[in-house]
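The structure under discussion appears below in the form of structure tokens.
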Amino acid sequence: NLSLFFEPLGGGMAKDLAKNRRVVMPSWTEHEEIKESQQSCTRNKVQTTKYTFLSFIPKNLFEQLHRFANVYFVFLGALNFVPIVNAFQPEISIIPIVFVMSITAVKDLWEDQRRRKSDQKVNNRLCEVYDRKQKQYVERRWAEVCVGDLVRLCCNEIIPADMVLLHSSDPNGVCHIETANLDGETNLKQRQVVRDLPQQGSEFVPENYSSHIECENPNNDLRRFRGFMDHPGKVRVGLHSENLLLRSCTVRNTETVIGIVVYAGHETKAMQNNSGPRYKRSKLERRLNMDVLWCVILLLLMCLIAAVGHGFWLSGRQNPIYMIPDDTHPALAAFYMFWTMIIVLQVLIPISLYVSIEIVKLGQIYFIQNDLDLYNPVLDTGVQCRALNITEDLGQIQYLFSDKTGTLTENRMLFRRCIVAGTEYPHHENAISLEQYEEQGCGDADHSLTLRSRTSRKSLSCKSLSCNRSSVSLNTLTAESDTHSVHDTLRRHTPGAGAFSSTMECAVVPDPQLQAGLNTLSSPMRSPVRQQAAEISHILDFFLALTVCNTVVVSSPTQPRHVMPVVRTPLRSLEEMKAMFQKLSLPRFPSSPSQNTDTPPSLTKKLFTRGRSASYFPNNSPQTPITTLQSPTAHSDNSADESESDDEDEAEELLYEAESPDEAALVQAAKAYGCTLLGRSPEQVLVAVPGTGPLSIPLLHVLPFHSARKRMSVVVRHPLTGEVVVYTKGADNVIMELAEAAEDGFCREIMERTQRHLDQYARDGLRTLCVAKKVLEEQEYKAWLKRHEYAETSIENREELLLESAERLETNLTLLGATGIVDRLQEEVPESIEALQEAGIKVWVLTGDKQETAINIAFACKLLRPTDHILMANCDSKVTTLLKKLPNVSSTCEARLHELQHEIRQVTKEGMSEDDGSDCVLVIDGRTLDYALQKELQGSFLELTCCCRSVICCRSTPLQKSQVVRLVRDKLKVMTLAIGDGANDVSMIQMADVGIGISGQEGMQAVMSSDFAISRFKFLRKLILVHGHWCYTRLANMILYFFYKNVMYVNLLFWYQFFCGFSGSTMTNSWVLIFFNLLFTSVPPIIYGMLDKDVSGETLLDLPDLYKSGQNSQAYLPSTFWMNILDAFYQSLVCFFIPYFAYAGSDIGVFSFGSPINGSALLIILLHQLIESRTVTWIHTALLLFSALFYYAFVLLFSLTCVTCNSPTNPLGIETKMMSEPLYFLVCGLTTVLALLPRILCRAFRSTICPSDLVRAQKMERLSAQDYSTSLRQWKENKAAQRLSSRHVPQNLSVNADMPHLTECIAEAGAVLS
């Protein structure tokens, strides 16, 4: 089998192109160059393990020695083997580093074994590969598949490698795949066979395949695939991501597919994206590393003092009788002593701290993920912690950047009202039905309601979007049956499956006036006047655009998703429709298709031949065979309407699956008016139109939505006129700009009226989309098509070329209308934002919505308050166009920013506090933001935002979102958190210090890129205010405690040097010295870091102000660190000198002198933690007792059994003798009390004289329930009074070129979304 990497060109050009391209041919090719390249083939075997049997020990050691702490302790262990500087037994000195590195090695080995088992399971899967020798498909292991192999897959099989789709059992050449294993999305993606490949729907003969593929080299971009296929006869066809089947995805709803492997093994896009868990360095970790350096400096200083002291001590003594004669110079001896003291005092650097931190963080993650308050029973999901080492950063957030749609709102779009041809249709009955729906329980899963319009007898019920693979039929969700478990199953297995949660929620009640206008199509003989005809034309095109301009996949409960039904169209309806269009005689619609010179004369015959679909196909365009299904037929008698209604009630319910909730809502709205999307294939769309029945509309091109264009378009052949028509829908400001070139007064009037209604929609909080069209002349279309095909077949710069091609087409549009869609706020969003702001977090909303919509939502979610000063900075497109022509555009925008700052200073002079700008909110649009992000304006922009409590960025692009986050993070040096739910939020999430993804309606891209994932915005409140506060406080206190206990114990050894000639001797045996910090005192702080609660979760939620302690790093300030170090010095002085004076003049030995010192040190360190703990449970108590008992059991056993284990000394019987004397216990007790007394007094003084908010909250928790409520109310009243005292009369400060009506949003603050 082969893998081919060559370019069929000669000379150096082929070599240059081969670097960026890959050529793939069938594996049975006879080409000599291919045979030579077989040895370098990349097979499909994957290996995610890091180690082999032989490489584990050396490679793991190499990885662990990348950590500075490990290198440090290995160096000290090796240094202790040098006789002239060793401090104690060399074997004992390596125990700590061997212990720590062994634990890490075992953990790494266990993880690697899990990966190995997973790899074996994947590599041993079987698939069918074509074998030319046997002339049939044979089973092979995945690991044996190579580039160039032809692989055949059946329904529900997993794709083994990245393959270009060559054949599908579907007659339309369509295949559906589920990408849940790749990106977490459960909705199906549609892939299609490469164009111009024959044999679709029939038997595929591999021997007849002789094309070759040229594509880009392997990369990790899941949504991009660039290349082309050269067919025999020099026909070149572009390849896109729609032609590529990705490894790890699953084939769905397609019986058989065949593809050729282009990327295998680790070159597949799935493996290229397999980067493992995310790793970020937390702010606390950076602070920790700095303090470790201070400890190193302290260690070097102490060793230098000991070395100098030893040199002076030797110089002052001439051959004393108690020393072995040595010719070593005192200076050289001092140098040796420096290294000896490094070994003795090595415990000053906490070797077990890093391991303890990892253990504590795993424990914190466990408690976060198992918090039932953060569990969503509907989706059966809790919090996902994807970054394992930044939990404490959750407790220090200062800026929060949030998306709006899907993050603050439900992202479950409901059609509310629309504008067609400048006329607004309010849909009052639709609004009433939505209110009734909410009153009846907001989409209870146990009830499936249907609603009939008074103007139409059709049933307006609709089902949720299709369940991908559940065996539960959506038809079972009825009011009469118990469907609770069924609903849970659907929601659990398809969390992103639909934009709607129930039947009633997506029902649309038609507006009577709009329905009456559309009904004219059913009786065209009424001869409408010209004005009505123009309006009817707009209405028809408007609903055709809603129905066709999307990527919605259609299916029914009994029909596979990929089959496109085609029905026989009633001849009479089409003839009547043709007659009506002939009578309309509109400029945009010729009275007869034959008037177009480029239209074949047989158009009428093709359109209206009995027994065929109403389709138009240009010459030389092959018509894809379509499966014909039985459909309801229309009656021609006077009771046609009633019969049609009955038939439709009995017809199968269509299931729509959309990539975005907006598309689903618009398709459902069009369906309510009778413009029903019946089916879709890559080449045509089947649509039912009132008065005609089903029409098959040729689909020429789909220009998908792009964040830069903010719109999508489809190019179709109009089913009634034969013209090439472009239907476009997108953001209202973009579509309005593209339609500004309209010259006739009628179009300008429509645009003006539409804009007024759009502004009102935005003030009402509705999401707005504009719909437009453009009719292309045949020559114009052919000229565009030629350049577009070039862009499609390009490998380099394909995305840029396609973007330019789309922008060339989407010009001079004719506005058809606009839609208003309601997107309700998620529950508890206002309360959550209010709590986060009270916690001192500045909340920014970055959205692509209109300014008025964003302001309305901001009021609804309490981001804006009626008393706030709103600063608006924006300019319209005309002003922007003029500014771009000016050389001083930057200075102009800077002047605007300075003007806003001047307005804030004016308000400050009128009564606001200079340092409190919490009542100002900045609203800025995308164009102004572009200028504000320029380097020369960043300072002014940040200065302005620092004076504001919140910032709302409207019309912002994904790139702008990430730029804003990076600017604030880097320039202001603050902790940032970004939260979003869609692919457009990924860059923002990855840019922030903490990224949070919401598993909502827009797939799982945000979740896959995040550090933490939640299912609702309201969970962010407890995640940050409670778990964030706990994680930070616990970890900060644990780190400080580790530094304290190490410094305290090491100082005991340091003080002893002043009494032993700085000789590096110790007053304790080496075993106790090594194990003291490693075993005896290491477990309690780990539990302390996992379980301690300074304040309960309920109090933290009731009093968000307490979160500010983490923002200010009050638990771990430089001053706090040095206070702990000074306290450790004091306690070590007490712990050393009280036993020294107590046993002064006695004849006890060195180890006997060290016994009460060690005992006292243990009690002081353990009780010190008890003092610092805010929560003392039986677990804490048990571990503290266990640590003390473990120490005494060890030293007693050591004293009873050890004879030669501490050579050259003999500790036998020392501990038993010392503990038999009352003086030992008296010394230990007195030392412990005096050492801890200052800390106890200091804590008592701070708690009574100047208590912090945390201390006051702790006192509140000890009160009775009634007293607690009273204190809580008084606390909030005091805080509210403080905030009110700094406020002033509300006023709007505006630097605004074109939108004076924005001030009306304040007056309409009561229009809160529900």
Side-chain angles (χ1 to χ4, degrees), residues 368 371 373-374 383 391-404 407-409 825-847 854 857-865 868 916-922 945-946 948-953 965 968-969 972 974-981 985 988-989 992-998 1010-1012 1014-1032 1095 1097-1112 1253 1257 1275-1276 1279-1280 1282-1283:
I368 292 175
D371 188 345
D373 290 339
L374 304 181
V383 178
T391 53
E392 65 274 23
D393 278 351
L394 289 171
Q396 298 181 278
I397 302 300
Q398 295 164 288
Y399 278 74
L400 187 149
F401 300 90
S402 174
D403 178 40
K404 183 187 75 68
T407 304
L408 301 179
T409 62
L825 280 179
Q826 294 182 21
E827 70 276 12
E828 299 183 30
V829 165
E831 295 81 359
S832 299
I833 289 183
E834 189 175 32
L836 293 173
Q837 288 183 324
E838 288 181 15
I841 299 175
K842 285 196 172 184
V843 181
W844 290 31
V845 173
L846 312 178
T847 177
I857 297 292
F859 274 113
C861 65
K862 295 187 178 180
L863 183 66
L864 279 172
R865 295 180 296 224
D868 285 336
D916 183 9
S918 60
D919 284 334
C920 294
V921 176
L922 175 66
T945 60
C946 288
C948 301
R949 179 171 54 84
S950 298
V951 176
I952 302 173
C953 300
V965 174
V968 173
R969 184 197 64 188
L972 299 183
V974 292
M975 287 294 296
T976 58
L977 180 147
I979 180 171
D981 72 316
D985 304 316
M988 172 180 72
I989 289 173
D993 295 295
V994 179
I996 295 185
I998 290 186
S1010 65
D1011 304 310
F1012 300 88
I1014 56 179
S1015 58
R1016 307 293 283 179
F1017 184 85
K1018 66 177 181 180
F1019 295 146
L1020 188 64
R1021 180 182 179 186
K1022 186 173 185 181
L1023 182 64
I1024 291 180
L1025 300 185
V1026 178
H1027 288 288
H1029 174 84
W1030 282 346
C1031 290
Y1032 167 72
V1095 184
E1098 293 78 9
T1099 303
L1100 288 171
L1101 291 176
D1102 291 337
L1103 302 173
D1105 293 311
L1106 300 178
Y1107 184 80
K1108 295 178 181 178
S1109 63
Q1111 290 176 326
N1112 302 325
D1253 284 348
W1275 181 306
K1276 292 184 176 182
K1279 293 293 182 181
Q1282 293 175 8
R1283 287 192 291 266

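Starting from 1, each residue takes its place in the sequence as its number.
- Counting heavy atoms from C-beta outward, Leu825 and Ile857 have side chains that approach closer than 4.5 Å.
- In terms of modelled atom types and a separation under 3.5 Å, the side chain of Gln826 and the main chain of Thr409 share a donor-acceptor contact.
- Applying the side chain to side chain donor-acceptor pair (under 3.5 Å) rule to Gln396 yields the partners Ser1113; only residues at least two apart in sequence or on another chain are considered.
- Every residue two or more places apart in sequence or in another chain that forms a side chain to side chain contact (heavy atoms under 4.5 Å, CB included) with Glu827 is listed here: Glu410, Arg1016, Lys1018.
- Between the Asp868 side chain and the Leu864 main chain, no donor and acceptor come within less than 3.5 Å of each other.
- Here Phe401 pairs with Trp844 under the ring-ring contact (aromatic ring centres under 6.0 Å, His included) rule; sequence neighbours left out.
- Legend: residues meeting salt bridge (charged side-chain N to carboxylate O under 4.0 Å, His left out) with Arg969, ordered by chain and number and at least two apart, are absent.
- For Lys1108, the side chain to side chain contact (heavy atoms under 4.5 Å, CB included) partners are Asp1105, Gln1111, Asn1112, not counting sequence neighbours.
- For Thr976, the side chain to side chain donor-acceptor pair (under 3.5 Å) partners two or more places apart in sequence, or in a different chain, are Asp993.
- Partners of Gln837 by side chain to side chain donor-acceptor pair (under 3.5 Å), not counting sequence neighbours, listed by chain and number: Arg949, Ser950.
- Between the side chain of Gln398 and the main chain of Ile841, no donor-acceptor pair closer than 3.5 Å is present.
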Exercise answer: donor-acceptor pairs, residues 1020-1031 side-chain atoms, under 3.5 Å, sequence neighbours excluded:
unit_1	atom_1	unit_2	atom_2	d
Lys1022	NZ	Asp371	OD1	3.4
Lys1022	NZ	Asp371	OD2	3.0
Lys1022	NZ	Asp373	OD2	2.6
His1027	NE2	Asp371	OD2	2.6
His1029	NE2	Asp1094	OD1	3.3
His1029	NE2	Asp1094	OD2	2.8
Trp1030	NE1	Val1095	O	2.9

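- Closest approach of Pro1104 to Ala835, counting heavy atoms only: CB-O, 3.3 Å.
- Residues satisfying the salt bridge (charged side-chain N to carboxylate O under 4.0 Å, His left out) criterion with Glu831, sequence neighbours excluded, are absent altogether.
- In this structure, Lys842 contributes its side chain and Cys946 its backbone to a donor-acceptor pair below 3.5 Å.
- Looking only at side-chain heavy atoms (C-beta outward), Tyr399 and Val843 stay at 4.5 Å or farther from each other.
- In this structure, CD1 on Ile833 lies 3.5 Å from SG on Cys861, to the nearest 0.5 angstrom.
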**OP:** Would you please test Leu408 and Thr847 for side-chain contact (heavy atoms from CB on, under 4.5 Å) and show each step?
**Re:** CA-CA 11 Å; Leu408 301 179; Thr847 177; over 6 Å; no
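- In terms of modelled atom types and a separation under 3.5 Å, the side chain of Tyr1107 and the main chain of Ile397 share a donor-acceptor contact.
- In this structure, Ser1109 contributes its side chain and Leu1106 its backbone to a donor-acceptor pair below 3.5 Å.
- The CZ atom of Phe1012 sits 13.0 Å away from the CD1 atom of Ile989 when rounded to the nearest 0.5 Å.
- Partners of Thr1099 according to the side chain to side chain donor-acceptor pair (under 3.5 Å) rule, which considers only residues two or more places apart in sequence or in another chain, are Ser1096, Glu1261, Tyr1268.
- Atom CD1 of Ile998 and atom CZ of Phe1017 lie 7.0 Å apart (nearest 0.5 Å).
- Of all non-hydrogen atoms in Ala1257 and Leu1103, the two that sit nearest each other are CB-CD1, 4.4 Å.
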Original post:
Are Leu846 and Ile952 close enough, and set up right, to give a side-chain contact (heavy atoms from CB on, under 4.5 Å), and what steps lead you there?
Top reply: CA-CA 6 Å; Leu846 312 178; Ile952 302 173; over 6 Å; no
Subject >> Derivation of the side-chain contact (heavy atoms from CB on, under 4.5 Å) call for Ser1010 and Ile996 >> reply: CA-CA 5 Å; Ser1010 65; Ile996 295 185; 5.5 Å; no
**OP:** Start with the C-alpha distance between Ile979 and Asp403, add both sets of side-chain angles, then the distance that settles side-chain contact (heavy atoms from CB on, under 4.5 Å), and finish with yes or no.
**Re:** CA-CA 6 Å; Ile979 180 171; Asp403 178 40; over 6 Å; no
